[in-house]
Peer 1: 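Let me give you the structure first, and then I'll get to my questions.
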Amino acid sequence: MSTDLFIVGGDGDLALRKLYPSLYYLEINDCMPDSMRIIGTARTGQTREAFHAKIKKWLVQAVDPKLYSEEKWLSFSDKIHFAQGDATNPDALKQIGEEFFSRDNVLVVYLAIPPKIFGSVCQALDSCGLVTPESRLIVEKPLGDSRESFLEINHELSRVFDEKQLFRIDHYLGKESVQNLLALRFANDFFEPLWNNKYIESVQITVTETVGVGNRWAFYDQTGATRDMVQNHLLQVLCLMAMEPPSTLNADSVRAEKLKVLQSLKPINEHDVFARTVRGQYVRGNINSEEVPGYLEEESDKYEINPNSSTETYVAIESEIQNWRWSGVPIYLRTGKRLNKKHSEIVVYFKRSHHNIFTGVGSDRCHNKLIIQLQPDSGISLHLNSKVQGLDAGIPLQDGFLNLDLDNHSEPMKHDAYSRLFFDVFRNDQTLFVSAAEVETAWKWVDQIFAAWEKTEQKCEPYEAGSEGPKRAENLVRAVGQNWYDGEYCPVEFT
Ligand code: BG6
């Protein structure tokens, strides 16, 4: 069955910067559904030619020049139409439907618009008869800013679409390196006996960025690092790292296992929130030798900055999954803006046996570590101890590693996270999409952190832009004798 993709907010920022370039990748991979049509809608009118020109302008910036060809652009743009109209108005939608959609095609609707109008667009789609049991709806964060507001939004969507028709995007799940976690965990049997609290001492999940919030200030100030990144991306990565093996790779099995992880997260309350979390806000500093403003000094041409804002641009959290496999293993989550580098990785520290036969100079045993790099490079390295070559007395040790580079350095990547996710929507596969229960449970855990911060009036700690974050965040991991892994691990003295 062919597909009509209807993008509401079709000439907005998200659509132009992300969605069309990702769809173009499907075109060059010959992965577009047969006789696919893409209909972008917006309230203000424009000709199809002007619409194409706008899309092309963004596309050539986003796509690697080696992957761009006029021929592919022409076959791609041939599929794209522009429809003027107010998507909250059933009459306007009916007209668009008559002109552009085919009754024989599956209608996939992407809401690239603010959540506050999700409900009215869904109602309008329904009341003009465009929604069938085969139709699908794609939405993406922010899906609320608390459990309660998420449930309200979800209620609006569920009045028209069943859970099986809803595709909630977390773009981290579209990343190759994140999907590779499933392969690493469940296609390499030798890890399984080690993947638990008997052998793992602690885990660090880090997603850092060098960018600030700039023109997104007003949105970000209502959101902060915990809602923007932890509630979704970091918790999803944590789920894939920690979940039990699903019985199959289908959506129901994978999502059920992820949900169990979220349900097992140890609550953080006012009694332990200070010891288990650090909130930070960046102040003026240097990134790549360039001075950058602090969060409260950002220039936004659209909004006024609140000089007293207490929104966190950094957060570090000690989480724990209270189940048979993970109980007692601290899993540290850390994310922030304007830090010293952009990188995302998972570091798994394995325990060391208590008895150490290697004593003497240079004989500190490092922890065996598995480092899973998610971005910008993607790879896996296993850190092992080995003997330093030479005629030294005893057996001095060094930290070495086995490296698996997952990037193909000779070819540009022919798809991105969104193209993977579009591909799966068209195949009607929800495995890489987040269920309502997952989003709700993640909010529940995050909500109580906010409640605890509020109750204890826990302040943001300043950190210089370009630094590694607030000083106190170091103490979180020191509690288990570690530093935050920064690529140059140096063992803490063995005891
Ligand atoms: C988005 C957040 O979801 O993810 C942004 O809203 C953040 O604040 C972005 O910059 C990070 O995504 P990526 O793919 O660049 O790591």
Side-chain angles (χ1 to χ4, degrees), residues 9 12-15 17-19 21-22 25 61-63 110-115 138-145 150 167-181 205-240 279-282 287 292 295 298 300 302-303 309 311-315 333-346 372-379 406-407 413 415-422 432-434 438-439 442-443 446 465 469:
D13 211 40
L14 173 68
R17 280 191 312 115
K18 295 274 185 204
L19 306 187
S22 305
Y25 284 127
Q61 290 173 38
V63 170
Y110 195 119
L111 298 185
I113 48 174
I138 312 175
V139 290
E140 93 172 275
K141 68 184 271 277
L143 294 176
D145 57 8
F150 165 69
F167 289 76
R168 293 180 199 83
I169 287 190
D170 181 314
H171 79 276
Y172 267 55
L173 294 180
K175 291 180 192 265
E176 280 286 306
S177 57
V178 173
Q179 289 154 41
N180 196 50
L181 282 171
I205 301 179
T206 294
V207 177
T208 59
E209 299 182 275
T210 50
V211 291
V213 300
N215 260 335
R216 289 171 80 215
W217 207 92
F219 159 77
Y220 195 87
D221 201 51
Q222 298 298 313
T223 310
T226 315
R227 292 188 175 102
D228 188 40
M229 298 293 288
V230 175
Q231 188 274 344
N232 35 73
H233 309 322
L234 273 87
L235 286 184
Q236 283 297 318
V237 170
L238 175 137
C239 284
L240 295 180
R279 321 172 61 200
Q281 194 182 73
Y282 62 85
I287 294 194
V292 294
Y295 178 68
E298 288 283 5
S300 168
K302 294 192 192 138
Y303 309 99
S309 167
T311 297
E312 80 285 355
T313 59
Y314 173 100
V315 64
L333 308 173
R334 155 175 83 141
T335 184
K337 302 264 182 218
R338 284 281 191 236
L339 292 168
N340 57 345
K341 57 182 170 188
K342 176 170 173 74
H343 83 304
S344 306
E345 70 188 3
I346 303 173
I372 306 162
Q373 292 170 306
L374 303 176
Q375 61 182 20
D377 304 320
S378 94
L406 293 167
D407 293 318
M413 180 90 152
H415 69 276
D416 62 11
Y418 279 89
S419 31
R420 168 67 207 215
L421 296 173
F422 271 124
L432 297 177
F433 295 83
V434 189
E438 286 175 79
V439 184
W443 273 127
V446 162

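Both ligands and their constituent atoms are indexed starting at 1 by order of listing.
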Peer 1: With ring centroids as reference points, do F422 and Y110 lie under 6.0 angstrom apart?
Peer 2: yes
Peer 1: Heavy-atom distance under 4.5 Å between the side chains of Y220 and D228, does that happen here?
Peer 2: yes
Peer 1: Could you list which atoms of ligand 1 come closer than 4.0 Å to a heavy atom of Q375?
Peer 2: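 Ligand 1 atoms under the 4.0 Å threshold to Q375: 13 (P), 16 (O).
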Peer 1: Could you tell me which atoms of ligand 1, counted from 1 in the order shown, lie closer than 4.0 angstrom to a heavy atom of H233?
Peer 2: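 Those atoms are 1 (C), 3 (O), 4 (O).
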Peer 1: Among all protein heavy atoms, pick out the one at the shortest distance from atom 15 (O) of ligand 1; state its residue, atom name and that distance to 0.1 Å.
Peer 2: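 So the nearest neighbour among protein heavy atoms is K342 NZ, 2.9 Å.
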Peer 1: As a check for students: among E209, K141, K175, identify the option with a heavy atom nearest to atom 9 (C) of ligand 1.
Peer 2: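 Closest candidate by heavy-atom distance is E209.
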Peer 1: Could you pull out all residues at least two apart from R17 that satisfy side chain to side chain donor-acceptor pair (under 3.5 Å)?
Peer 2: D13
Peer 1: Measure the distance from atom 12 (O) of ligand 1 to every protein heavy atom, then report the residue, atom name and distance (to 0.1 Å) of the closest one.
Peer 2: H171 NE2, 3.2 Å
Peer 1: Partners of T206 by side chain to side chain donor-acceptor pair (under 3.5 Å), sequence neighbours excluded?
Peer 2: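 Counting only residues at least two positions away or on another chain, T206 forms a side chain to side chain donor-acceptor pair (under 3.5 Å) with R334.
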Peer 1: Roughly how far, to the nearest 0.5 Å, is CG of L14 from OH of Y418?
Peer 2: 5.5 Å
Peer 1: Determine, stepwise, if the pair S177 / N180 fulfils side-chain hydrogen bond (donor to acceptor under 3.5 Å, both in side chains).
Peer 2: CA-CA 5 Å; S177 57; N180 196 50; over 6 Å; no
Peer 1: For K337, counting its heavy atoms only, list the atoms of ligand 1 lying under 4.0 Å from any of them.
Peer 2: 5 (C), 7 (C), 8 (O), 10 (O)
Peer 1: For atom 6 (O) of ligand 1, what is the closest protein heavy atom, and at what distance to 0.1 Å?
Peer 2: D228 OD1, 2.6 Å
Peer 1: To which protein heavy atom is atom 16 (O) of ligand 1 closest, and what is the distance rounded to 0.1 Å?
Peer 2: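 The closest heavy atom on the protein side is Y172 OH, 2.4 Å.
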